[in-house]
Amino acid sequence: MTPAGASPLAAATRLSGGAPSEALSPEKRAQFDAIAATAREAAGLHIVPEKSAMVFSRIGKRLRALGLASLDDYIALIRGPGAAQEREHLISALTTNVTSFFREDHHFAHFADAILPGLIARARAGGRVRLWSSACSSGQEAYSLAMVVLERFPEAARHDLRILASDIDHQVLATARAATYPADLVAPLTAGGRDRFLRPAEGDEVAVKDEVRALVAFRHLNLMGNWPMKGRFDVIFCRNVMIYFDQPTQNRLISRFAEVCAPGAVLYLGHSERIDPASGAPFRQVGQTTFVFEPAAAAHLHMPFGAHQEHPDVSP
Ligand SMILES: C[S@@+](CC[C@H](N)C(=O)[O-])C[C@H]1O[C@@H](n2cnc3c(N)ncnc32)[C@H](O)[C@@H]1O
């Protein structure tokens, strides 16, 4: 499907780089370090002191929402027992959930033209096909993928083709599962796509049709944590989340992706993200932000990427 236009939404906010904040007092620096360490531990986020003004401002809002008196109280909360829920709010405050239907639409065009035909042939022959939107935010990326699949393969649901969509943030996952969006957010779809895959909902909202939703399973998953999937993926979208991780963390993530990729799988990264060429990761670059998993590319490194063919179970 060709999107009707560019996303009206702003690009993701980085947590590294940018204009330096004013020098921090020792007390403020200690508070910043405690928050940064917690964000790293919880989600792998790499936050530099230059971003301290943004960090304190966003956490100030959480403090007020929680009715806490001081930043030290907040730090005690995110480091204390039962901190999981507030840590999630912290990660949400420090990252952006910005996304849109058919964002960076060249990936969907590449997927539709270069990758999907082979996957359809495999599914029609009784094989398994698994796609993963690995930082899916409120679901538009996964639903866009499902729409592309259905446009070329309307009977997809009758075959073993599924899309796993995961994120660390329960709140965005709830929005994704609800599958209802303000009408202006579906502007990137063509008129034909809107007719085919959306229906009117309450007020000024539209809902994604059940046919599209049926292909997607939403799950809570921290990219830094355990991945319970048992098999391999044919396509992974990991877009606009690696920007939050430092280089060693990005490299580890990419090598974990390699462990769950089927040979020939395609990995799509966000517009400012790349695989570090020095990392030796077994991916061949085929576009600016598009990479193909080639186990042979790592053979000289004696890395444990075998020809294991099992596919992940992402059924609800
Ligand atoms: C800017 S959105 C990207 C959405 C979509 N991939 C896109 O490009 O439009 C970044 C998402 O990454 C998620 N995220 C941040 N850290 C994460 C982690 N450690 N594991 C999984 N998701 C994470 C955030 O919750 C957020 O929804």
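Read the numbers this way: they start at 1 and go in the same order the structure lists the ligands and their atoms. The chain is numbered in sequence order, starting from 1.
Between Asn97 and ligand 1, at least one N/O pair is under 3.5 Å apart. Residue Asn240 has at least one N or O atom closer than 3.5 Å to an N or O atom of ligand 1. For a threshold of 3.5 Å applied to N or O pairs, the pair formed by Ala135 and ligand 1 contains at least one separation below that value. At a 3.5 angstrom cut-off on N or O pairs, Ile91 does not count as close to ligand 1. Checked by distance only, ligand 1 and Ala43 come closer than 3.5 Å through their nitrogen or oxygen atoms. Here's the thing with Asp169: none of its N/O atoms is less than 3.5 angstrom from an N/O atom of ligand 1.
Looking at Ile243, Thr96, Ile168 and measuring to atom 23 (C) of ligand 1, the nearest heavy atom belongs to Ile168. Selection from Asp167, Leu269, Thr99 by nearest heavy atom to atom 9 (O) of ligand 1 gives Thr99.
With a 4.0 Å heavy-atom cut-off, ligand 1 is reached by the side chain of Arg103 but not by its N, CA, C or O.
When each atom of ligand 1 is checked for a heavy atom of Arg239 under 4.0 Å away, the hits are 3 (C), 5 (C), 6 (N), 7 (C), 8 (O). Of all atoms in ligand 1, listed by their number and element, those nearer than 4.0 Å to a heavy atom of Ser137 are 4 (C), 27 (O). For ligand 1, the atoms closer than 4.0 angstrom to any heavy atom of Glu141 are 5 (C), 6 (N), 7 (C), 8 (O). Counting atoms of ligand 1 from 1 in the listed order, those under 4.0 Å from a heavy atom of Leu221 are 20 (N), 21 (C). Proximity to Val241 (heavy-atom distance under 4.0 Å) selects the following atoms of ligand 1: 12 (O), 14 (N), 15 (C), 16 (N), 17 (C), 23 (C).
By the 6.0 Å contact criterion, CG on Asp113 is enclosed, its count of non-hydrogen atoms from other residues, nucleotides or ligands being greater than 12. Around CZ of Arg177, the count of heavy atoms belonging to other residues, nucleotides or ligands within 6.0 Å exceeds 12.
The six-membered or imidazole ring of His107 lies near that of Tyr268, with a centre-to-centre distance under 6.0 Å. Here the two rings, on Tyr143 and Phe218, have centers that are under 6.0 Å apart.
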I'd like to know whether Phe108 forms a ring-ring contact (aromatic ring centres under 6.0 Å, His included) with Phe101, so could you lay out the CA-CA distance, the side-chain angles of the two residues, the decisive distance to 0.1 Å, and finally the verdict. CA-CA 10 Å; Phe108 295 95; Phe101 285 99; 9.8 Å; no

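Using a distance-only test at 3.5 Å, with no hydrogens or angles considered, a donor-acceptor pair links the side chain of Arg152 to the main chain of Ala112.
Between Arg128 and Asp234, none of the side-chain N atoms (NZ, or NE/NH1/NH2) sits under 4.0 Å from a carboxylate O, so this pair counts as no salt bridge. Between Glu141 and Arg103 there is no salt bridge, since no side-chain N of the basic residue sits under 4.0 Å from a carboxylate O of the acidic one. Using a cutoff of 4.0 Å between basic side-chain nitrogens and carboxylate oxygens, Arg122 and Asp160 are not scored as salt-bridged.
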